[in-house]
Asks: 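Just dropping this structure here.
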Amino acid sequence: MSKLIYVLNGPNLNLLGTRQPEVYGHETLADVQAMVEEKADEFGLEIEFFQSNHEGVLVEKIHEAREKAAGIIINPAAYTHTSVAILDALNTFEAPVVEVHISNVHKREAFRHHSYVSVRADGVIAGLGTRGYLAALDYLAHRLG
Ligand code: DHK
């Protein structure tokens with residue numbers, strides 16, 4: 001049975017493609033999903049791709065991943081900078097976690113420089129645009145063998 005990777009996306013990422021394209025690019029979240037699924041196929045991995053604008057829903061999805069996933073790729077979006085709840089949920093997940101940001105948060109406002117999720121993440125990718133999801137998947141594919 002192939003390994004399942006959860007790709008979780010936080011608030012406002014449903015608007016990718018139309019939301020501040022100068023910052024987040026022109027690809028939609030559906031484009032990102034298609035790109036990630038195609039790459040996962042090459043690696044023989046399965047993808048559960050998910051987006052929510054609600055913190056508790058993301059927490060529950062991480063709980064679900066505890067039983068099902070071999071790894072998590074998460075772009076917590078604004079919750080990166082605010083959510084102890086998402087950090088605590090990720091701390092209950094025992095397999096690898098990669099944090100992805102489309103933009104380079106360190107080139108942006110000071111409030112984006114701190115990440116609660118980075119306290120748990122095995123790796124952090126920022127500023128590679130949506131290719132960051134593929135870099136995260138490449139890492140997990142190799143780490144999971
Ligand atoms: C996405 C968001 O929505 C912001 O709140 C984060 C992140 C950065 C991104 O670059 O993907 O600060």
Asks: Under 4.5 Å between side-chain heavy atoms, hopping through other hydrophobics if needed: is there a path connecting L29 to V7?
Replies: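 Both belong to a single hydrophobic cluster.
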Asks: With salt bridge (charged side-chain N to carboxylate O under 4.0 Å, His left out) as the criterion, how do R66 and E94 come out once you've worked through the C-alpha distance, each side chain's angles and the decisive distance to 0.1 Å?
Replies: CA-CA 7 Å; R66 280 159 51 83; E94 288 179 1; 6.0 Å; no
Asks: Are L8 and F49 side-chain neighbours, meaning at least one heavy-atom pair lies under 4.5 Å?
Replies: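 A side-chain contact is absent here, since even the closest heavy-atom pair is not under 4.5 Å.
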Asks: State, with a plain yes or no, whether a side-chain heavy atom of P76 is found less than 4.5 Å away from one of L58.
Replies: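 No. Closest side-chain heavy atoms not under 4.5 Å.
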Asks: I'd like to know if the side chain of E55 pairs up with that of N53 as donor and acceptor (distance under 3.5 Å, no hydrogens or angles considered).
Replies: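 There is no such pair (donor and acceptor under 3.5 Å, judged by atom type) between the side chains of E55 and N53.
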Asks: Between H113 (side chain) and R108 (backbone), is there a donor-acceptor pair under 3.5 Å?
Replies: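 Looks like yes, one N/O pair under 3.5 Å.
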Asks: Parallel, tilted or perpendicular: which describes the rings of H81 and F111, with under 30° parallel and over 60° perpendicular?
Replies: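 Perpendicular.
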Asks: Same cluster or not: are V117 and L128 linked, directly or through other Ile, Leu, Val, Met, Phe, Trp or Tyr residues, by side-chain heavy atoms under 4.5 angstrom apart?
Replies: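 Different hydrophobic clusters.
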Asks: Would you say Y6 and F50 are hydrophobically clustered, going by side-chain heavy atoms of ILVMFWY under 4.5 Å?
Replies: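 Same cluster.
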Asks: For the residue pair R19 and P11, what are the closest heavy atoms and their distance?
Replies: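 That would be NH1-O, 4.4 Å.
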Asks: What are the two closest non-hydrogen atoms of I125 and A136, and how far apart are they?
Replies: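 Answer, listing the atom of I125 first, then A136: CD1-N, 3.5 Å.
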Asks: Of all heavy-atom pairs between S2 and G44, which one has the smallest distance, and what is that distance?
Replies: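 Closest approach of S2 to G44: CB-O, 3.1 Å.
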Asks: Find the distance between OH (Y79) and CG (L87) and round it off to the nearest 0.5 Å.
Replies: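 Result: 15.5 Å between the selected atoms.
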Asks: For a 4.5 angstrom cut-off between non-hydrogen side-chain atoms, does H101 reach T80?
Replies: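 A side-chain contact exists here, since the closest heavy-atom pair is under 4.5 Å.
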Asks: Say whether M35 and I47 are linked into one hydrophobic cluster, either directly or through other cluster members, by side-chain heavy-atom distances under 4.5 angstrom.
Replies: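 Both belong to a single hydrophobic cluster.
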Asks: Report yes if the side chains of D41 and F43 come closer than 4.5 Å at any heavy-atom pair, otherwise no.
Replies: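 When only atoms from C-beta onward are counted, F43 and D41 do not touch, as no gap falls below 4.5 Å.
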Asks: Just wondering, do I102 and Y133 contact through their side chains at under 4.5 Å, heavy atoms?
Replies: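 Answer yes - side chains close enough.
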Asks: Are more than 12 heavy atoms, taken from residues, nucleotides or ligands other than E38, located less than 6.0 Å from that residue's CD atom?
Replies: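 No, not enclosed.
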Asks: Once rounded to the nearest 0.5 Å, what's the spacing between atom NZ of K61 and atom OG of S52?
Replies: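 That separation rounds to 10.0 Å.
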Asks: Could you verify whether a donor N or O on one side chain and an acceptor N or O on the other, from S115 and E99, lie under 3.5 Å apart?
Replies: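 Yes, E99 and S115 have a side-chain donor paired with an acceptor closer than 3.5 Å.
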Asks: State whether the side chain of K39 and the backbone N or O of D138 hold a donor-acceptor pair below 3.5 Å, judged by distance alone.
Replies: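 Such a contact is absent between K39 side chain and D138 backbone.
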Asks: Is there a side-chain contact between L4 and L45, using heavy atoms and a 4.5 Å cut-off?
Replies: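 SC-SC contact between L4 and L45 ruled out.
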Asks: Measure the CD-CG distance between Q51 and N14 for me, rounded to the nearest 0.5 Å.
Replies: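 Output value for this atom pair is 4.0 Å.
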Asks: Is V100 reachable from I86 through a run of I, L, V, M, F, W or Y residues, each pair having side-chain heavy atoms under 4.5 Å apart?
Replies: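 No, it is not one cluster - the side chains of I86 and V100 are not joined through contacts under 4.5 Å.
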Asks: Quick one: CZ on R131 to CD on E27, what's the gap to the nearest 0.5 Å?
Replies: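 It is 8.5 Å, given to the nearest 0.5 Å.
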Asks: Walk me through whether T130 and D31 qualify under side-chain contact (heavy atoms from CB on, under 4.5 Å).
Replies: CA-CA 9 Å; T130 57; D31 294 334; over 6 Å; no
Asks: Quick one: pull up CD1 in I73 and CD in E48 and give me the separation to the nearest 0.5 Å.
Replies: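 If I round to the nearest 0.5 Å, the distance is 13.0 Å.
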Asks: Within the distance-only criterion (no hydrogens, no angle test), does the side chain of D88 pair as donor or acceptor with the backbone N or O of A85 below 3.5 angstrom?
Replies: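 Not at all, since once roles are kept as given, no pair shorter than 3.5 Å links the two residues.
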Asks: Quick test of your reading of the model: are D122 and R143 salt-bridged, counting only N-O distances below 4.0 Å?
Replies: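 Salt bridge present between D122 and R143.
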Asks: Identify the two heavy atoms, one from V59 and one from A89, that lie closest to each other, and give their separation to 0.1 Å.
Replies: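 That closest heavy-atom pairing would be CG1-CB, 4.1 Å.
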Asks: Do the side chains of I5 and L144 get nearer than 4.5 Å, heavy atoms only?
Replies: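 A side-chain contact exists here, since the closest heavy-atom pair is under 4.5 Å.
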Asks: State the CG-CZ distance between N104 and R112, to the nearest 0.5 angstrom.
Replies: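 If I round to the nearest 0.5 Å, the distance is 12.0 Å.
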Asks: Taking all heavy atoms of A95 and all of A70, pick out the closest pair and write down the distance.
Replies: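 The answer is CB-O, 3.2 Å.
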Asks: Taking the side chain as C-beta and beyond, is there a heavy-atom pair between H63 and F93 under 4.5 Å?
Replies: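 No - every pair of side-chain heavy atoms lies 4.5 Å or more apart.
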Asks: Do V98 and I72 pass the side-chain contact (heavy atoms from CB on, under 4.5 Å) test, and can you show the C-alpha distance, the side-chain angles, and the key distance before you say yes or no?
Replies: CA-CA 6 Å; V98 185; I72 292 177; over 6 Å; no
Asks: Is the ring centre of Y24 less than 6.0 Å from the ring centre of H26?
Replies: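 Between Y24 and H26, the centre distance exceeds or equals 6.0 Å.
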